[in-house]
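Structure first, commentary second.
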Amino acid sequence: MSESGQLEQLYRVQVLDLELDRLRAEEDQISDELRSARTQQGSINNQLEDTEIELEKVDRQVRQLELDLASSREQVARNKAEQDRNATNAKLQSQYESVILQLSERVSDYQEALEPLHAQQAALRERASGLRGEHKALRPSLGSLEDADEARVQGLRDQGQGMRTERAELVGRTEPRLVKEYELIRKGKKGIGIVSYTAGRCQGCNVQLPVNIQQRAAGGKLPPVKCPSCGRILFKI
């Protein structure tokens, strides 16, 4: 194949690459409805996670207080039993009475501390249940939107399959060093590695090309001629 033929193939690769870039960009352009549904789901998940973390914290406090309450009640019962067994001993009766009073006050303190925690616990459980309900209600519509978007993306990929096949064939027939050079330029130049020129102007940066550059580029020889301004490979259509 002639050197100009190599550049012609590379230029076609560039055309395909730009179209494939467009299709890939379209893949990321999800609908506002799906974006909104995903945002809503994320918000619900975050709120539910925060609620469950808070509920776990309150549950731990309740469990500890209930253990302390049960222990204090047990101590009250034990001291009352000892008091009854020593009913004839006035001194012990007074001692047990004092201990029972202190323990009873502690029981009251625990009960008072538990009341707001039980209310908070119930409110958090109700909130968590409501958020799970919202998540469940959102699931069917979000699932439908996700399925539709997946079909959209698959359609775009199917649309590009022929282009990818053609590109692979072209690259396979093109000088590897030329392809590598093109890829490097394309990576650093907004996806465009080879450009044509019209009326002596580079179509990549719109700079007027020197006559000698135009003449050399028109020959289509390798190594390829590049625009002295933007560094892209030049190809005369």
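Remember, predicted model here, so these are calculated numbers, not experimental data.
Put simply, CD on Gln93 and CG on Asn86 are 7.0 Å apart, with the number rounded to the nearest 0.5 Å. Taking OG of Ser104 as the start and CG of Asn79 as the end, the distance is 9.5 Å to the nearest 0.5 Å.
His118 and Glu66 form a side-chain donor-acceptor contact under 3.5 Å, judged by distance and modelled atom types alone. Side-chain N/O atoms of Gln64 and Asp68 include a donor and acceptor closer than 3.5 Å. In summary, the side chains of Asn45 and Gln41 do not present any donor paired with an acceptor at a separation below 3.5 Å, with no hydrogens or angles considered. Side-chain contact, Glu169 with Thr165: no donor N or O sits under 3.5 Å from an acceptor N or O.
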Residue pair Lys187, Glu183: steps toward the salt bridge (charged side-chain N to carboxylate O under 4.0 Å, His left out) verdict
CA-CA 6 Å; Lys187 185 176 180 180; Glu183 294 284 7; over 6 Å; no
Can you list the steps and then say if Asp21 with Arg24 is a salt bridge (charged side-chain N to carboxylate O under 4.0 Å, His left out)?
CA-CA 5 Å; Asp21 288 347; Arg24 279 190 289 269; 2.6 Å; yes
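Taking 4.5 Å as the limit, every side-chain heavy atom of Gln203 sits out of range of all side-chain heavy atoms of Ile237. Side chains of Glu52 and Arg132 form a contact here, defined as non-hydrogen atoms less than 4.5 Å apart.
With Lys189 contributing its side chain and Cys230 its backbone, the two residues share a donor-acceptor pair below 3.5 Å. Judged by distance alone, the side chain of Gln14 and the main-chain N or O of Val195 form no donor-acceptor pair under 3.5 Å.
When the options Leu234, Ile194, Leu178, Ile185 are evaluated for a side-chain contact (heavy atoms from CB on, under 4.5 Å) with Pro224, the one that passes is Leu178.
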